[in-house]
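Data first, discussion second: the structure below is written as structure tokens.
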Amino acid sequence: MEGTATPDTDKGRIPYFDLAKGICILLVVWYHLGAGTPFDIYLNAIRMPLYVFLSGLFFKTYGGLRGLMRRKTKKLLVPFFFFYMTTSVLLPVVLHKIGGMSFGTGQDWKLLYAFLTYHDFPNIPLWFLWGLFILNVSFYALQRCVKSEVLLGILCLGLSILLGYVLALPASLSRAFGYMFFFYLGYVVRQHDLLQRVSVGYVLPASLMLFVALGIPNPASDALLLVRQYMMSVCGVLSLVLLCKLIGHLPYVSYVGRYSIMLLVTHEPLIRILNFMHVDNAVPCFLILLTAYLFIIPFMRRYMPHVTAQT
């Protein structure tokens, strides 16, 4: 099959998935620098749906609910709570008291439970770990109860719209459930091995052209806007994954993709510290962060494997 990348036999990994995750996490970092681009409508359509799609792609039941809960607690909840306590509670309190740094989302001990009540908290990207845990458990329950893939897809889409856009749920749950349909898509693609069966040469140009075309009109109706948003995201995710399959590997981008959780849990505090030091232009800040992760990632691999999902 053209464009197929073979698994990394040393680590049992498929390189183009690391490349896709690397592109995704770099887009997340760039977004949190607050720098807008003329292509934001396209970047926003891809960024988080791609992450959730890749998570659904590797969804497993691990022998039942107990096995799933154990695995996802280790890989998602442990990093979430460790970095929540250190970077979203202790660090803001300490930096406020010692260095005078101000956090718009608070800098007192109320932060201990802020993720349950506030819409935002100091290290906001952490919501994704908590949300992904909820998505895995929820999808497991749905998949056990609904045997038809078509019906499961309709249900996931309905829940994405209802819980993600209609109802306002606390604890970032609306954010999480808004992406449930992309989790389902990843699961279906893996079940049917679609990424290996499609022809990149035919599907990639078609999905890419549709992705670009969908970004041009601006529907007046909220319903049509939501339809466009989902269609754009599906086409964008498909285009990017197939493009990564075609490329295979890019050294730095694939490297940070392999350890994307380390960037996810640390980039927001680092941005705040750089801004406090008056490094607030997006480009130099971004370059400093990219350089810093050449040292941060090896450090965390060696000394923090249990709280960065590396064991």
Side-chain angles (χ1 to χ4, degrees), residues 1-32 37 39-40 42-60 75-76 125 128-129 131-132 135-136 179-208 210-212 230-265 267 286 290 293 297 308-310:
M1 188 71 67
E2 65 178 21
T4 301
T6 56
D8 182 334
T9 53
D10 293 333
K11 297 182 179 180
R13 303 183 68 84
I14 300 175
Y16 71 86
F17 289 147
D18 284 337
L19 177 58
K21 288 197 298 179
I23 293 172
C24 191
I25 191 61
L26 292 177
L27 289 177
V28 169
V29 173
W30 179 256
Y31 173 78
H32 287 134
T37 75
F39 308 105
D40 280 351
Y42 296 106
L43 300 181
N44 294 340
I46 294 176
R47 195 175 58 248
M48 296 314 297
L50 174 60
Y51 246 136
V52 178
F53 172 85
L54 293 173
S55 300
L57 200 67
F58 293 103
F59 172 79
K60 297 179 182 177
K75 295 294 184 180
L76 296 172
F128 183 70
L129 297 177
L132 198 55
L135 282 183
N136 271 273
Y179 297 111
M180 175 172 271
F181 182 65
F182 297 97
F183 194 97
Y184 162 80
L185 288 181
Y187 167 78
V188 170
V189 166
R190 182 60 178 262
Q191 287 294 106
H192 299 280
D193 201 22
L194 295 180
L195 289 178
Q196 301 304 322
R197 294 169 59 184
V198 301
S199 172
V200 175
Y202 291 105
V203 178
L204 176 56
S207 63
L208 190 56
L210 185 55
F211 174 61
V212 172
Y230 271 96
M231 290 179 65
M232 274 191 71
S233 294
V234 170
C235 292
V237 166
L238 179 60
S239 299
L240 187 54
V241 172
L242 291 178
L243 183 62
C244 290
K245 181 181 176 182
L246 194 63
I247 297 170
H249 179 82
L250 290 174
Y252 183 87
V253 181
S254 297
Y255 178 67
V256 296
R258 168 69 178 85
Y259 302 104
S260 59
I261 189 174
M262 298 179 184
L263 279 73
L264 179 73
V265 298
H267 75 271
F286 189 63
L290 296 190
Y293 279 111
I297 290 174
T308 54
Q310 301 304 307

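Hydrogens, waters and symmetry mates play no part in the numbers below; they use all other heavy atoms, side chains included. Values in this document were obtained by computation on a predicted structure and should not be read as measured data.
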Contact check, side chains of L263 and V28, non-hydrogen atoms, under 4.5 Å: no
Minimum-distance pair of heavy atoms, taken over all atoms of V265 and L129: CG1-CD1, 3.7 Å
Side chain to side chain, L238 and L185, heavy atoms closer than 4.5 Å: no
By the definition ring pair (Phe, Tyr, Trp, His ring centres under 6.0 Å), identify the one residue from F128, F182, F183, F58 that meets it with Y51. F128
Smallest separation among heavy atoms of A45 and S233, with atom names: O-OG, 2.7 Å
Roughly how far, to the nearest 0.5 Å, is the CG atom of L19 from the CD1 atom of I14? 13.0 Å
Closest non-hydrogen atom pair between M262 and Y293, with its separation: O-CE2, 4.1 Å
Could you check whether any side-chain heavy atom of I261 comes within less than 4.5 Å of a side-chain heavy atom of Q310, counting everything from C-beta outward? yes
Close side-chain approach of L208 and L243, heavy atoms under 4.5 Å: no
Under a 3.5 Å distance rule, please check whether S207 uses its side chain to pair with a backbone N or O of L204 as donor and acceptor. yes
Going by heavy atoms in the side chains, are Y179 and P49 under 4.5 Å from each other? yes
Specify whether Y187 and F59 have parallel, tilted or perpendicular ring planes, treating 30° as the upper limit for parallel and 60° as the lower limit for perpendicular. perpendicular
Please find the pair of heavy atoms, one from K21 and one from S260, that lie closest to each other, and give the distance. CD-OG, 4.2 Å
With the side chain counted from C-beta on, respond yes when Y16 and H249 share a heavy-atom pair under 4.5 Å apart, and no when they do not. no
Between L290 and L26, is the side-chain contact (heavy atoms from CB on, under 4.5 Å) condition met? List the steps. CA-CA 9 Å; L290 296 190; L26 292 177; 3.5 Å; yes
Validation row: V189, V241 side chains within 4.5 angstrom (heavy atoms): no
Under a 4.5 Å cut-off applied to non-hydrogen side-chain atoms, are L43 and Y31 in contact? no
Output the distance between atom OH (Y184) and atom CG (L135), rounded to the nearest 0.5 Å. 15.5 Å
Would you give the length of the straight line joining atom OG of S239 to atom CG of L210, rounded to the nearest 0.5 angstrom? 8.0 Å
Report the distance from atom CG of L54 to atom SG of C244, rounding to the nearest 0.5 Å. 9.0 Å
Step through the shown structure and confirm whether more than 12 heavy atoms of other residues, nucleotides or ligands are within 6.0 Å of CZ on F286. yes
Of all the heavy-atom pairs spanning L195 and L57, show the shortest one and how long it is. CD1-CD2, 4.2 Å
Identify the two heavy atoms, one from S55 and one from L132, that lie closest to each other, and give their separation to 0.1 Å. OG-CD2, 3.4 Å
From I25 atom CD1 to L50 atom CG, the distance as rounded to the nearest 0.5 Å: 10.5 Å
Supply the atom-to-atom distance L240 CG to F211 CZ, rounded to the nearest 0.5 angstrom. 8.5 Å
